[in-house]
Amino acid sequence: MAAAAAVAICRPSSFCLSFSSHRRHPSSAAALSLSRRWRKAAGGCRAALAEDLGRRSSPSEDRSRDQEALLPNEAAAAAAAPTEATAAEAAAAEYDWREEWYPLYLTAEMPDDAPLGLTVFHKQLVVYRDGGGVIRCYEDRCPHRLAKLSEGQLVDGRLECLYHGWQFEGDGRCVKIPQLPEGAKIPRAACAKTYEVRDSQGVLWVWMSEKNPPEEEKLPWFEHYARPGFRDLSTIHELPYDHSILLENLMDPAHVPISHDRTDWTARREDAQPLVFSVSERSPRGFAGSWHRHRSPAFVNQLRFSAPCVLQNNLEFVDKNGVKQYFSALFLCRPTGQGKSMLIVRFGNSTNSLLVKLMPKWFLHQNAGKVFEQDMGFLSSQNEVLMREKKPTGELYLNLRSSDVWVAEYRRWMDSAGAGMPYYFGHRTLSLPEQPAVVEQAAAGMVAAAAAAAPAKGGVGTIHAPNLVNRYFRHVVHCKSCRKLLGRLEVWRRAMVALAMVAVAAAVVAAAREWKGILLGLAGASLAVAYACSAVVSLMTTNFVRTHRRL
């Protein structure tokens, strides 16, 4: 993503092209120097570079150079293989976003004692565990007056709407209406609209169709995660940009050395290099292929995108002991509305280094959050540009052969399947949302400032202003282990501050110098522990601000 953005900055504008084709030849060295500086400052167009080299590129040379570096546009690709392209588009024209399974949540993170509100595109859902521990899913609205059922509570295994107390059984039947006269029957229409859900390999999936039963063969299954001894680190993150931009970013390995330089101990900007791609499969359900770094041809990654929103990148190799090892990065990207998405990410492998085994789980979670934060500014602004420009990506992106093959493949798949989506941005076509996004009211002014500064849970005004720039709202609210750690850290911090105050007071009244020293030492150690607790709390709850590295 970063590589594509950097190239786009140098893309020659129509003004630059017009200037280079109608310029006058300078009559002096000063004029020549001024002309060169002006053209370089205006964007480094090809004509200025050619003149610096002492010659002018011909149109055929320019086209040849572009063809060598850039991916062909959609029209050229279709012309090269018209039969294949037409067949694929005709098959995918039947695509319907409702006839699909969507990843809702990690099953282990499902709350046991409360309903949970989630969305798929514009459809609002509520999931909960009934009295038997079975996970149920309804449309997130009470049939009475459309109140959100996710704002309700669980009573004896039933979901109760807190507006008027209507209660619903697991199958959606309303079994209690407090306002009905004694002996009156509950209306048959007073039932919640239900959706089918499945728990598969630790992930909760929902079937969104309102007219057809679930197609079990479409439910994703991931071979590596079923292998004995295969371990994974799974986390959930809410992100402030569209799921298509999220997927596009995740299938862009070229940006990793730049954007995530030394974040995960493997990415280094000096490793940025050309990539080699090979597309092995295209279908109405997605595409697949392999890729490797130019300087590491032995490590070949296998990438697969599967409709509607599943991306996996797998690597297999034989270690020095002759044992085959498996690594997998699995990304489940649920669309949660215009300009929003939820990501379930699973990094799995068949072996772990001692360093990784010793690291606390919360630290790995926060490091994963940092990785997504590093991309957040780029991708949010990209989302804004697409909505503002109202053009397909083929007219806006400058895709390179050596970095952007998967990005182009994904947007071209969008061209063929987009007609079956609520909205989409393809490579050469698009369909804008029929209605603008609904923006809920949030706190402003002093309340918003206090919410951004204070710890997110329990801070002033924070319950009114969930903020996806804040790591707490992006990850911690969806992670039981991180929430528990946050609570314990707050308890420890308060206890250590109280202990330090008691130790200082005791040191003041102590008669012996030795005891004074011991008590003051205890106070200092207690404050150090309190500071460490505060630092971790801050890491898990404060807003992200990018700090640029000076090279």
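Because only heavy atoms are used, hydrogens play no part in the values below, and waters and symmetry mates are left out as well, while side chains stay in. These numbers come from a predicted model, not from an experiment. Residue numbers start at 1 and run along the sequence shown.
- Counting only distance, with no hydrogens or angles, the side chain of Arg411 and the backbone of Phe425 share a donor-acceptor pair below 3.5 Å.
- Note: Trp166 and Phe168 have tilted aromatic rings, judged against thresholds of 30 and 60 degrees for the angle between ring planes.
- The heavy-atom pair separating Trp291 from Asn313 by the smallest distance is NE1-OD1, 2.8 Å.
- Of all heavy-atom pairs spanning Pro257 and Ala254, the tightest one is CD-O, 3.4 Å.
- In this structure, the side chains of Val203 and Leu332 come closer than 4.5 Å at one or more pairs of heavy atoms.
- The main-chain N or O of Val323 is never found under 3.5 Å from a side-chain atom of Asn321 such that the two would form a donor-acceptor pair.
- A side-chain donor from one of Tyr397 and Gln382 sits under 3.5 Å from a side-chain acceptor of the other.
- Gly348 and Tyr225 get closest at one heavy-atom pair: N-OH, 3.7 Å.
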Chi angles and distances behind the side-chain hydrogen bond (donor to acceptor under 3.5 Å, both in side chains) call for Glu238, His478: CA-CA 9 Å; Glu238 280 195 86; His478 305 293; 2.8 Å; yes
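- Between Tyr410 and Phe305, the gap from one ring centroid to the other is short of 6.0 Å.
- For CZ of Arg198, the number of neighbouring non-hydrogen atoms (other residues, nucleotides, ligands) closer than 6.0 Å is greater than 12.
- At distances below 3.5 Å, not a single donor-acceptor pair connects side-chain atoms of Tyr105 with backbone N or O atoms of Leu116.
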Hey, mind stepping through Asn383 and Asp242 against side-chain hydrogen bond (donor to acceptor under 3.5 Å, both in side chains) and telling me if it holds? CA-CA 7 Å; Asn383 202 141; Asp242 191 72; 6.0 Å; no
Evaluate side-chain hydrogen bond (donor to acceptor under 3.5 Å, both in side chains) for Asn314 paired with Gln302, printing each intermediate quantity in order. CA-CA 5 Å; Asn314 298 321; Gln302 303 296 325; over 6 Å; no
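- For Glu139 and Lys123, the salt-bridge test fails: no basic side-chain N is under 4.0 Å from an acidic carboxylate O.
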Are Arg98 and Glu100 close enough, and set up right, to give a salt bridge (Lys or Arg N to Asp or Glu O under 4.0 Å), and what steps lead you there? CA-CA 5 Å; Arg98 299 173 187 84; Glu100 300 288 350; over 6 Å; no
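- Side-chain atoms of Arg231 come within 3.5 Å of backbone atoms of Gly229 as a donor-acceptor pair (strictly under, hydrogens ignored).
- Between Cys161 atom SG and Lys176 atom NZ the span is 13.0 Å, to the nearest 0.5 Å.
- Note on Arg483 versus Glu109: no salt bridge recorded, every NZ/NE/NH1/NH2 to OD/OE distance being 4.0 Å or above.
- A salt bridge between Glu151 and Lys148 is absent, with no side-chain N of the basic residue lying under 4.0 Å from a carboxylate O of the acidic one.
- Classified by interplanar angle (parallel below 30°, tilted 30° to 60°, perpendicular above 60°), the ring pair Trp207/Trp101 is tilted.
- Looking at Ser306, its side chain never comes within 3.5 Å of a backbone N or O of Val310 through a donor-acceptor pair.
- When all heavy atoms of Cys309 and Tyr102 are compared, the pair lying nearest together is SG-CD2, 4.0 Å.
- Glu490 CD to Thr541 OG1: the interatomic distance, rounded to the nearest 0.5 Å, is 8.0 Å.
- Between the side chains of Thr119 and Gln124, no donor-acceptor pair is found at a separation under 3.5 Å.
- Under the salt bridge (charged side-chain N to carboxylate O under 4.0 Å, His left out) criterion, the residue pairs touching residues 127-136 are Asp112-Arg129, Asp130-Arg136, with sequence neighbours excluded.
- Residue Lys484 qualifies as open at atom NZ: its count of foreign heavy atoms under 6.0 Å is 12 or below.
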Less than 3.5 Å apart, which donor and acceptor atoms pair up between the side chains of residues 503-518 and the rest of the protein, not counting sequence neighbours?
from	atom 1	to	atom 2	distance (Å)
Lys516	NZ	Ala507	O	2.7
Lys516	NZ	Val508	O	3.3
Lys516	NZ	Ala510	O	3.0

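- A tilted orientation is assigned to the rings of Tyr326 and His224, their planes being inclined by 30° to 60°.
- Remark: side-chain polar atoms of Gln273 are paired, donor with acceptor, to backbone N or O of Arg295 under 3.5 angstrom.
- Using a 4.5 Å heavy-atom cutoff, the side chains of Tyr138 and Val127 are not in contact.
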Quick one, Asn470 with Arg474, criterion side chain to side chain contact (heavy atoms under 4.5 Å, CB included). Give me CA distance, side-chain angles, the key distance, then yes/no. CA-CA 6 Å; Asn470 191 292; Arg474 284 199 327 277; 5.6 Å; no
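- Atom-to-atom distance recorded for Leu219:CG and Trp221:CH2 is 9.5 Å, nearest 0.5 angstrom.
- By the neighbour-count criterion of 12 heavy atoms within 6.0 Å, atom CZ of Arg227 is densely surrounded, having more than that number from other residues, nucleotides or ligands.
- The minimum heavy-atom distance linking Tyr128 with Gly157 is given by the pair CE1-O, 3.9 Å.
- Separation of atoms CD (Gln201) and CD (Glu223) is listed at 10.0 Å; rounding is to 0.5 Å.
- Checking side-chain atoms of Asp232 against main-chain N and O of Arg346 turns up no donor-acceptor pair under 3.5 Å.
- Aromatic pair Phe378/His255: ring centres not closer than 6.0 Å.
- Checking Tyr163 against Arg145 by side-chain atom types alone, a donor-acceptor pair falls below 3.5 Å.
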Between Trp97 and His122, does a ring pair (Phe, Tyr, Trp, His ring centres under 6.0 Å) hold up when you go through it step by step? CA-CA 12 Å; Trp97 73 272; His122 55 282; 5.7 Å; yes
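- In this structure, Phe327 has its ring center under 6.0 Å from that of Phe317.
- Met251 approaches Val407 most closely through the heavy-atom pair SD-N, 4.3 Å.
- No salt bridge links Arg158 with Asp156; every basic N to acidic carboxylate O contact stays at or beyond 4.0 Å.
- Taking the six-membered ring where the residue is Trp, Phe372 and His237 present tilted rings, their angle falling between 30° and 60°.
- The backbone N or O of Ser534 lies less than 3.5 Å from no partner atom in the side chain of Arg493, so there is not a single donor-acceptor pair.
- Leu489 CG to Ser538 OG: the interatomic distance, rounded to the nearest 0.5 Å, is 11.5 Å.
- Remark: the backbone N or O of Val126 is not paired with any side-chain donor or acceptor of Asp140 at under 3.5 angstrom.
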Let me see the working for Met414 and Thr393 under side chain to side chain contact (heavy atoms under 4.5 Å, CB included), right down to the final yes or no. CA-CA 11 Å; Met414 280 282 202; Thr393 61; over 6 Å; no
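- Within the 4.5 Å cutoff, no side-chain heavy atoms of Val529 are placed close to those of Leu499.
- Under a 3.5 Å cut-off, the side chain of Ser341 and the backbone N or O of Tyr241 do form a donor-acceptor pair.
- Around atom CE of Met359, more than 12 heavy atoms belonging to other residues, nucleotides or ligands sit under 6.0 Å away.
- No hydrogens or angles considered: a donor-acceptor pair under 3.5 Å links the side chains of Gln366 and Arg471.
- Under the 4.5 Å side-chain criterion, counting only non-hydrogen atoms from C-beta, Leu246 is not in contact with Glu248.
- Note: Glu316 CD to Ser328 OG = 9.5 Å, rounded to the nearest 0.5 Å.
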